[in-house]
Amino acid sequence: MTRITDSKRASRDLNVDQHREMLRRMLRIRLFEERAASLRSRLVGAMHNSVGQEAEIVGACMAVRDDDYMTGNHRSHGHPIGKGVALAPLMAELFGKQTGLCHGRGGSMHLAAFSAGSLGESGIVGSLMPVAVGAGLSSRLRGTDQVCLCFFGDGAANCGPFHESLNLAAIWGLPVIFLCENNGYALFTPQTRTTSVIDIAKRACAYNIPGVVADGQDVLAVYDCVAAAVARARSGEGPTLIEAKTYRYCEHQEFGEEFQAPRYRSEAEVAAWRKRDPIELFVNDLIGRALLSRAEVEQMRAAVEAEVEGAVVFADSSAVPEPDALMEYLYC
Amino acid sequence: MPQITYLEAAKSAIVAAMRRDPHVFVMGEDVQGFYYSDVLQEFGPERIRDTPISEAGFIGAGIGAALTGMRPVIEAAFSTFLYSAMDQIVNQAAKSRYMFGGQASVPIVVRSSVAYGAGLAAHHSDRPWGIFAQIPGLKIIVPTTPYDIKGLLKTAIDDNNPVLCFEDAALGEVSGEVPDHEYQVPFGAADTKRVGSDVTVVAIAGCVDRSLQAARVLEHESISVEVIDPRTLVPLDRGAIVQSVRKTGRLVVVDPAPGMCSVASEIAALVSEEAFAYLRAPVQRLTAPDVPVPFSPQLEGVMYPTAEGIAAAVRATCNYSRRNPTAACAPAPLPAALR
């Protein structure tokens, strides 16, 4: 498997503002999701949070351009936030309001923000991987240098679309970055019981493309890997499979006690991962390198908290969709 | 006007669209070597794109391309192969626009051949338009003439919604007059193939021609049959069907697909809701039985509506009497074991 060497570390060229923006987006994901989870008594449906996985999301999203494409999955809020989408319409979507990102038709699992290149999240595991290949094909056929960042989980690596997508992108040399967010569990089942390999990136060999393992709790490490893959993709060298080893602190999904399986992982395991919290790691790094002071971090956190509260107020005070508009958006 | 075959007419619509719009491209298994070999040099392998046998992959890729500005025409070969891409068609193509609150449009056309009655047995012989008619967000066309397929495919390629085109393989080599220039046949506009006053026959795919044959036989028996080809099943020209039945008072629906929850059932229900007071006989459905397609020609041969069977159903409908309903209404023209 490919390793990123020091000389290829694109994060060395990031300026102070870019570092701060990375932290801001990580905080926005965490505080948005923690607040959304706190609203469980007021919201319906399912909500799959990614608290603990912020580094791999933001590291990847910061390595692509605003006009690049992105697809996601059911663990869905982090991706659009990582791509820079505003929090208010995102929160309003969780409330099912007309002002929501998808006007209340999609909800938590089916977010999209086409203006930000987000082609959708999906309630079906692996389902958007072929769609991501198509976005890459479209870039090729239209003669642009846009790439598509395709997020998927370790669970998706065992379903057919994963294999069909890697093969198609490989034979056609398409600009797709397959980013496996390996949090170790497909629902409640550990990867060791579901998957033939420990490193999913190894499967890249089968498709004759580079496979890279990244420390998913280190935002700059993920950024470096994705930036290298993006450079490859833009220059016509084809797709890359990147596996970010990460962890979700939260349960598979937030709502519904009946869906929680209490004994599928140990408290010690969760505690061990919390010791390598991606936000804390990055804050310490930034302070250590004097790119940010502790006070500035707290300021930023307070500002993001205010933004999240503003999003809740916006969502709460927004109008619900009109029942008469049930059929709207079905056909063009 | 030049005479060309159904399959030539279909290709001429796609080739014209590709010449007009660089966003239109074709993707499917072996498209370069066979159907599009004569235009491969003109468009090149990027736009006449061979795929692996990977339906979920390349239909999904078509959806992704459509979401980002392209207008793919997918060649899916047999209609049963669509099942391998069911998640892509149902969960992504059909739902994206709605789920994402109108942000997305998925201008993709998926063509597939419906090759029943050809000894291909259960895995290549389905008539699955009824399955997909249950999926809001898709449009479904079933062209039956060379003229219609050229015009309907142009409309499909120009449409910003996902369109499934089901092509009865029995029609592939049928010739008809087709203009050289591009033209549209609109969606949701049925074609009244024959005007009549006693019975309305609504027929789908290859059953249209068999219904016309039956109508010609019945003419000699002084039974006047109106034959309607809906041409597009989603959207369905409900008005044309209801209007016709209000005139004739009788309806026979002929659909080579299995009857359970079929398009034939939908049309029967529509008429019972909107033309009940005009009906002089129960609506009859002539469909395939609810069974996988068997291999043996002796078994498959009795499955689909025939011209004789359609004529018998029309006669029975005309002979129906409220005073003696069971005696007058003849059984559907299938062996008892298949009913």
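Residue numbers begin at 1 in each chain, while the letters A, B, ... track the order of the sequences. Side-chain atoms are counted along with the backbone in the values below, which use heavy atoms only and exclude waters and symmetry mates. Being a predicted model, the structure only gives us computed values, none of them experimental.
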Would you compute the distance between atom [atom1] of [X] and atom [atom2] of [Y] and round it to the nearest 0.5 angstrom?
{"X": "B:F100", "Y": "A:H110", "atom1": "CZ", "atom2": "NE2", "result": "7.5 Å"}
{"X": "B:K95", "Y": "A:I124", "atom1": "NZ", "atom2": "CD1", "result": "7.0 Å"}
{"X": "A:S122", "Y": "B:D87", "atom1": "OG", "atom2": "CG", "result": "7.0 Å"}

Exercise. Which bit of A:I171 comes within less than 4.5 Å of chain B, counting heavy atoms only: side chain, backbone, both or neither?
Worked result: side chain
Problem set entry | Atom group of A:A135 that falls short of 4.5 Å from chain B, counting heavy atoms |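 When you check distances to chain B, atoms from both the backbone and side chain of A:A135 fall under 4.5 Å.
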For this session: Output all residues satisfying salt bridge (Lys or Arg N to Asp or Glu O under 4.0 Å) with B:E75, sequence neighbours left out; order by chain, then residue number.
Result: B:R111
Part of [X] within contact of chain A (heavy atom distance under 4.5 Å):
{"X": "B:E46", "result": "both"}
{"X": "B:T51", "result": "both"}
{"X": "B:N91", "result": "side chain"}

Where do [X] and [Y] come nearest, in terms of heavy atoms and distance?
{"X": "B:Q92", "Y": "A:S127", "answer": "NE2-OG, 2.6 Å"}
{"X": "A:P130", "Y": "B:Q88", "answer": "CG-NE2, 3.6 Å"}
{"X": "A:N167", "Y": "B:P52", "answer": "ND2-CG, 3.9 Å"}
{"X": "A:E164", "Y": "B:S54", "answer": "OE1-OG, 2.7 Å"}

Exercise. When only heavy atoms count and the cut-off is under 4.5 Å, which of residues 19-33 of chain B reach chain A?
Worked result: B:H23, B:F25, B:M27
Exercise. Do other residues, nucleotides or ligands put more than 12 heavy atoms under 6.0 Å from B:I53 CD1?
Worked result: no
Problem set entry | Max heavy-atom pair count under 4.5 Å with chain A, selected residue of B:P162, B:G102, B:P107, B:A94 | B:G102
Seminar exercise, completed: Ordered numerically, the heavy-atom neighbours of chain B under 4.5 Å found in residues 312-332 of chain A are A:L326, A:M327, A:E328, A:Y329, A:L330, A:Y331, A:C332
Problem set entry | Under 3.5 Å: donor-acceptor pair, side chain of B:T68, backbone of A:S138 |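 Between the backbone of A:S138 and the side chain of B:T68 there is no qualifying donor-acceptor contact (under 3.5 Å).
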Exercise. Has the side chain of B:Q103 got a donor or acceptor atom that lies under 3.5 Å from a matching backbone atom of A:L101?
Worked result: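 Yes; judged by distance alone, with no hydrogens or angles, the pair exists.
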Exercise. In terms of heavy-atom pairs under 4.5 Å, which option from A:H103, A:E93, A:R142 contacts chain B the most?
Worked result: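 Between A:H103, A:E93, A:R142, the count favours A:R142.
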Mind listing the side-chain donor-acceptor pairs of residues 129-139 of chain B below 3.5 Å, one per line with the distance, residues two or more places apart or on another chain?
{"residue": "B:W129", "atom": "NE1", "partner": "B:D255", "partner atom": "OD1", "Å": "3.2"}
{"residue": "B:K139", "atom": "NZ", "partner": "B:D159", "partner atom": "OD2", "Å": "2.8"}

For this session: With the side chain counted from C-beta on, respond yes when A:L137 and B:M70 share a heavy-atom pair under 4.5 Å apart, and no when they do not.
Result: no
